[in-house]
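Residue numbers begin at 1 in each chain, while the letters A, B, ... track the order of the sequences.
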Amino acid sequence: MAESPITPREKDFAAWYQDVVQQGDMAEPAEIVKGCMVIKPNGYAVWEVLQRELDTRFKATGHQNAYFPLLIPESFLKKEAEHVEGFSPELAVVTIAGGKELEEPYVIRPTSETIIGHFFSRWIQSWRDLPVLINQWANVVRWELRTRMFLRTTEFLWQEGHTAHATHEEAVEEVLRMLDIYAEVAEDVMAMPVIKGVKTRAEKFAGALRSYSIEAMMQNGLALQAGTSHDLGQNFGKAFNVQFQSKEGRLDYVWQTSWGVSTRLIGGLIMSHSDDKGLVLPPKLAPVKAVLVPIYRKDEERARVLETAHRIAKEIGAKIDDRDGHSPGAKFFYWERRGVPVVLELGPRDVASNNIVLKRRDTGAKEVVAQSDVAARLTAVLETMQKDLYGAAKERLKANTVLANSMIEVEEILNGANKFVMAHLKDDPACDARLKEFKATVRNIPLVDQYDGGGRCIVTGEPVDRRVVIAKSY
RNA sequence: CGGGCCGUGGCGCAGCCUGGCUAGCGCGCUUGCUUGGGGUGCAAGAGGUCCCGGGUUCAAAUCCCGGCGGCCCGACCA
């Protein structure tokens, strides 16, 4: 028996994560470009499914895709004071092009609020032009000091939605609508439970009025910000002079939003469901949902088995692994570490009895199914597995969420383990700062309070209306 | 960007301290036979700028200096 190429989670979670990414053939460090990664076909296929799920929902809510330049005039970033302050440390800047020093450097987009603001100002004149609902699928670059595959890389893929509205009320509706879509994709498609909430003022997007996020819990108890949706107010409208004439004939600035999710979701996916044997993909996200491994000895068995195997695989839309020169055992391990939800085994015994063996990736449970029932059974198993993965993740989130009623309590809990700690805390940067002492942050202030309502802030003693999520995070 | 560990066939490592034969090992890969219900076995092969640059030396994977990159911790982080 060969040794597992995957470090157990218990032993070293970070090493486990690296191993799963590598063994699942998801991505590898680019090495020749600092902090960047190569997303391999297996990983990119997952991204494509995620893109499809998101894009369909964006379109269904009236958004259109568009594309803006990768390079942004440096001066654009400076037009919004908070924005430039927030992003300038992590900008990559192009100063030379065509062999000449540029008069004005270009920054490689870290996000596109500025350049899109510029074009919005040209596109929008009247209340009739609103709302503008745009989404862009793009790559962005942020010179992060510390990178981890999928979770934080120098260059990453994402979508960024940018919308402009006539009223703040409408903009806030949009912000929450998109947050809901993110939560829906996270929970229903990725089987990753999330907490929707508002970011504290200290943690909000540079240039936003308010930021909202969905926060997920990884298997090691760390939080992962899985998606954000920002109420930009009129900040960028004013910075880029995006004005429209209202029905009443008044000139006013638009109210904007922006929202995004990135390839980081794939990191979250991995750390939500995968196990010591490798990647586990929820069925709805798996590019390949089922693989059929034929088993045979002699040539005449081979012919018979392969014939039946091909017929069944075609019927149920499974991939067939008919590679020669690999033993069935080797194939089982191969698909296992690549996270395929269901592996079907078909050997001479099954051909003779008109059965087939079906195995789930998550539980490892095997069952013998009549060939005539396999299509229905596969559908049912995939559905169950999707639900079970979500259920297990939800259970873990619940089990690792605790209440605290004092700063000392919060600190004790977080020093002992990685948990989500629910505590009353005022939305004040000074209060956020107190958590830094033990490397925690407010993840968000939940939109829906599932606990005991109001209480006194554990720092200031002032009344606050609900508990916030405090945790260590990626 | 600070601290630590690391960089040697595709992958994982030994060798380095104490410089010196032809740079080894396991896995993987190729070919043949064998095997096949959870990594089959045997045999024969292929495959290496020892991260890069400079220095010391008769001689550098090994010592010295500089750089690049990876991982972990920290600071930073929409």
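Aromatic rings from A/Phe58 and A/Trp259 are positioned such that their centres are separated by under 6.0 Å.
Annotation: B/rG4 and B/rG67 have their P atoms spaced 15 Å apart (nearest Å). For the C1' atoms, the distance linking B/rC71 with B/rG37 amounts to 40 Å, nearest Å. On the P atoms, B/rG32 is 23 Å away from B/rG26, given to the nearest whole Å. Distance check on atom P: B/rG39 versus B/rC29 gives 15 Å, rounded to whole Å. One C1' atom belongs to B/rU35, the other to B/rA43, and the distance between them is 15 Å to the nearest Å. With P as the reference atom, B/rG55 and B/rA61 are 15 Å apart, rounded to whole Å. Taking atom P on both nucleotides, B/rG74 is separated from B/rU40 by 41 Å, rounded to a whole Å. Taking atom C1' in both B/rU56 and B/rC63, one finds a spacing of 8 Å when rounded to whole Å.
At a threshold of 4.0 angstrom between heavy atoms, the contacts of A/Glu90 are confined to the sugar-phosphate backbone, with no base atom among them. Residue A/Arg109 is classed as having no contact, given no heavy-atom separation below 4.0 Å to the nucleic acid. Using a 4.0 Å heavy-atom distance criterion, A/Phe156 is classed as a base contact. Among the atoms of the strands shown, none is found under 4.0 Å from any heavy atom of A/Thr111. A/Val357 comes within contact range of at least one nucleobase, with a heavy-atom separation under 4.0 Å.
A salt bridge links A/Lys204 with A/Glu82: the distance from a Lys NZ or Arg NE/NH1/NH2 to an Asp or Glu carboxylate oxygen falls below 4.0 Å. The pair A/Asp275-A/Lys277 fails the salt-bridge criterion, with no side-chain N (NZ, NE, NH1 or NH2) lying under 4.0 Å from an Asp/Glu carboxylate O. The pair A/Lys331-A/Glu345 does not count as a salt bridge, with every side-chain nitrogen at least 4.0 angstrom from each carboxylate oxygen.
In terms of position along RNA chain B, the nucleotide closest to A/Arg323 lies nearer the 5' end than the nucleotide closest to the other residue of the pair A/Ala206 and A/Arg323. With the nearest nucleotide of RNA chain B identified for both A/Arg264 and A/Gly325, A/Gly325 has the one nearer the 5' end.
Atom-to-atom, CD of A/Glu336 to C1' of B/rG39 comes out at 11 Å; the value is rounded to the nearest Å. One can place CG of A/Asp322 at 15 Å from C1' of B/rG36, the figure rounded to the nearest angstrom. Rounded to a whole Å, the NZ atom of A/Lys472 is 19 Å from the P atom of B/rC77. Rounded to an integer number of Å, the gap from A/Leu346 CG to B/rG36 C1' is 14 Å. Separating the CZ atom of A/Arg443 from the P atom of B/rC77 is a distance of 13 Å, rounded to the nearest angstrom. Atom NZ in A/Lys298 sits about 14 Å away from atom P in B/rG37, given to the nearest Å. Rounded to an integer number of Å, the gap from A/Asp299 CG to B/rG36 P is 13 Å. In this structure, the CZ atom of A/Arg302 is 12 Å from the C1' atom of B/rG36, given to the nearest Å.
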Anything under 3.5 Å between a protein N or O and an N or O of nucleotides 7-14 of chain B, put it in a table, one pair a line.
none

N/O-N/O pairs, protein side and nucleotides 27-35 of chain B side, under 3.5 Å:
none

Atom pairs, protein N/O to nucleotides 67-76 of chain B N/O, distance under 3.5 Å:
residue, atom, partner, partner atom, Å
B/rG70, OP1, A/Gly35, N, 2.7
B/rC73, OP2, A/Arg146, NH1, 3.2
B/rC73, OP2, A/Arg146, NH2, 2.2
B/rC76, OP1, A/Lys436, NZ, 3.4

Name each donor-acceptor pair under 3.5 Å that joins a side chain in residues 109-121 of chain A to protein atoms two or more places apart or in another chain, with its distance.
residue, atom, partner, partner atom, Å
A/Arg109, NE, A/Asn139, O, 2.7
A/Arg109, NH1, A/Tyr67, OH, 3.4
A/Arg109, NH1, A/Phe68, O, 2.9
A/Arg109, NH1, A/Pro69, O, 3.3
A/Arg109, NH2, A/Tyr67, OH, 2.7
A/Arg109, NH2, A/Asn139, O, 3.3
A/Arg109, NH2, A/Asn139, OD1, 2.8
A/Thr111, OG1, A/Glu113, OE1, 2.5
A/Ser112, OG, A/Gln136, NE2, 3.3
A/Ser112, OG, A/Glu160, OE1, 3.4
A/Ser112, OG, A/Glu160, OE2, 2.7
A/Glu113, OE2, A/Ser258, OG, 2.7
A/Ser121, OG, A/His118, O, 2.6

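For the atom pair A/Arg377 CZ and A/Ile356 CD1, the distance stands at 13.5 Å (nearest 0.5 Å). Rounding to the nearest 0.5 Å gives a distance of 10.0 Å between CG of A/Asn444 and CD1 of A/Ile214. Here the straight-line distance linking atom CG of A/Leu209 with atom NE2 of A/His168 works out to 5.0 Å at 0.5 Å rounding.
A/Arg443 and A/Ser473 share a side-chain donor-acceptor pair at under 3.5 Å.
When every heavy atom of A/Trp143 is checked against every heavy atom of A/Ala92, the shortest pair comes out as CE3-CB, 4.2 Å.
Judged by a 6.0 Å distance limit and a 45° cone about the ring axis, A/Arg323 is positioned over the six-membered ring of A/Tyr334. Taking the ring centre of A/Tyr296 as origin, the terminal cationic atom of A/Arg302 falls inside the region bounded by 6.0 Å and 45° from the ring axis.
A 4.5 Å side-chain heavy-atom check between A/Leu414 and A/Lys439 finds every atom pair outside the cut-off.
For the salt bridge (charged side-chain N to carboxylate O under 4.0 Å, His left out) test, residues two or more places apart in sequence or in another chain that qualify with A/Asp276 are A/Arg9.
In RNA chain B, the stems built from three or more successive Watson-Crick or G-U pairs (distances below 3.5 Å) are B:1-7 with B:68-74, B:10-13 with B:24-27, B:29-33 with B:41-45, B:51-55 with B:63-67.
Checked by atom type and distance alone, the side chain of A/Arg264 pairs as donor or acceptor with a backbone atom of A/Gln225 at under 3.5 Å.
Taking the six-membered ring where tryptophan is involved, the planes of A/Phe236 and A/Phe240 are essentially parallel, since the angle between them stays under 30° and well short of 60°.
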